[in-house]
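In what follows, a single structure is set out as structure tokens and then discussed.
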There are 2 protein chains.
Amino acid sequence: MNSDTENHGFGAVLKELGLKETPKRRVMLEILAEEQRFLSPEELWLALKGRFKTIGLPTVYRNLEELANGGVISTVIHPNRQLYYYFCTAESGHHHHFICTSCRRVEDIPECTVAAMEGEIVTRTGGKITSHIVQFNGFCRHCLADPNERTAI
Amino acid sequence: MNSDTENHGFGAVLKELGLKETPKRRVMLEILAEEQRFLSPEELWLALKGRFKTIGLPTVYRNLEELANGGVISTVIHPNRQLYYYFCTAESGHHHHFICTSCRRVEDIPECTVAAMEGEIVTRTGGKITSHIVQFNGFCRHCLADPNERTAI
DNA sequence: CGCTAAAAAGAAATCGTTTCCCTTTGGCAC
DNA sequence: GTGCCAAAGGGAAACGATTTCTTTTTAGCG
Ligand SMILES: [Mn+2]
Ligand SMILES: [Mn+2]
Ligand SMILES: [Zn+2]
Ligand SMILES: [Zn+2]
């Protein structure tokens, strides 16, 4: 249970995805896991610059995409259509998120009640649903209480 | 009930939004209303080029945004994060869409059952929900029956 | 008809994201 | 430990969807 053996388990996660465990990837996951708000690739890059003498923005984009494809991190659907990522700590399976458009915090919405809706849609349209997007946007309790929580996008 | 008085009602729609009724805007709405699939700004631009000697792409972007802000047309959330628009013919109020990722057809999902979910989210997180995104992606009945329906994105 | 603010054209800029190409490195074999 | 090689990373450049800017045209109104 020491930090050497635990190590956030990121090594195993990367191995499962067939990705080499590099320092950049490990620290990227560390930063995302410690940050409770969604980050843009450039913001993560700036954070990484404090930990590595050289770190390229393309590396950040590349790894973020790989990690998101592997399901290790989640993407945020943002009205400005830019990329944002978040490390979802929920152990459970399929679920959705409530994102604060003010401070960028992300909270889990454990149940997905959309399954029933899907059944009716299939019946009604005769189509086949391959995926769905459900995201709740708003202001989290912190931002409701304190406007200074606000984070610029 | 003749075509002069009916005129798709687009003039009134534009006036309500405080927008001048220009030929470009009228034809944009005509094209979108006749097309049952979502279009990119550039695709709409190409269609408009067949109707106007001069039509600028920035004009298309500008008007699409204005019309979408006014609620006259709808935007499609697409994984490639590009803009797509669709004229939603549903008279009813709040609802969501099933989009075919193969042929781009859009179908209405009249009820929004997410309200209950929202109530619980507010209770659970203590936040305030300002909007939500619900979209179902998949293959429509036409594409399931005939692969040739497919449209490139 | 004449005015004026809104709209549109066309060219150029923007900038988030991706591609390219060369160098470095992690993981494995020996 | 050493060597090998495919994967990963760096940096510069390209890309391309979207936006901005400036000038010209037009819709709407008296
Ligand atoms: Mn989650
Ligand atoms: Mn609709
Ligand atoms: Zn917040
Ligand atoms: Zn289809």
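Since this is a predicted model, take the numbers as computed values, not measurements. Letters A, B, ... mirror the listed sequences (proteins, then strands); counts begin at 1. Both backbone and side-chain heavy atoms feed into the values below; hydrogens, waters and symmetry mates do not.
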Shortest side-chain distance from B:P58, nucleotide among D:dG10, C:dA9, D:dT20 | D:dT20
Step by step, work out the salt bridge (charged side-chain N to carboxylate O under 4.0 Å, His left out) result for B:K15 and B:E21.
-> CA-CA 7 Å; B:K15 181 157 293 187; B:E21 183 182 357; over 6 Å; no
Give a yes/no answer on whether the side chain of A:Y61 brings an N or O atom under 4.0 Å of OP1 or OP2 in C:dT18.
-> no
Indicate, with a heavy-atom threshold strictly under 4.0 Å, whether B:R81 touches base, sugar-phosphate, or nothing.
-> sugar-phosphate
OP1 or OP2 of C:dA7 sitting under 4.0 Å from any side-chain N/O of B:N63?
-> no
Taking only side-chain nitrogens and oxygens of A:T54, does any of them come within less than 4.0 Å of OP1 or OP2 of D:dG10?
-> yes
Counting side-chain heavy atoms from CB outward, which of C:dT18, D:dA17, C:dA8 is closest to B:K24?
-> C:dA8
Throw together a table of side-chain donor-acceptor distances under 3.5 angstrom for residues 49-59 of chain A, partners on residues two or more places apart or in other chains.
unit_1: A:R51; atom_1: NH2; unit_2: A:E30; atom_2: OE1; d: 3.1

What N/O pairs connect the protein and nucleotides 27-30 of chain D at under 3.5 Å? Give each pair on its own line.
unit_1: D:dA27; atom_1: N3; unit_2: B:K20; atom_2: NZ; d: 3.3
unit_1: D:dG28; atom_1: OP1; unit_2: B:E21; atom_2: N; d: 2.9

For A:I55 and B:L57, take the nucleotide of DNA chain D holding the closest heavy atom to each; which residue's nucleotide lies nearer the 5' end?
-> A:I55
Scan side-chain atoms only and decide if A:N137 and B:T130 contain a donor-acceptor pair under the 3.5 Å cut-off.
-> no
Is there side-chain contact between B:V106 and B:Q36, with at least one heavy-atom pair below 4.5 Å?
-> no
Verdict with reasoning, B:E35 to B:R104, per salt bridge (charged side-chain N to carboxylate O under 4.0 Å, His left out) | CA-CA 10 Å; B:E35 174 64 67; B:R104 298 167 158 222; over 6 Å; no
Inter-axis angle, terminal five-pair segments of the helix from C:dC1-D:dG30 to C:dC30-D:dG1 [nearest 10°] = 40°
Select base, sugar-phosphate, or nothing to describe what B:R62 touches, counting heavy atoms under 4.0 Å on all strands.
-> base
How are the rings of A:F136 and B:H132 set to each other: parallel, tilted or perpendicular (split at 30° and 60°)?
-> perpendicular
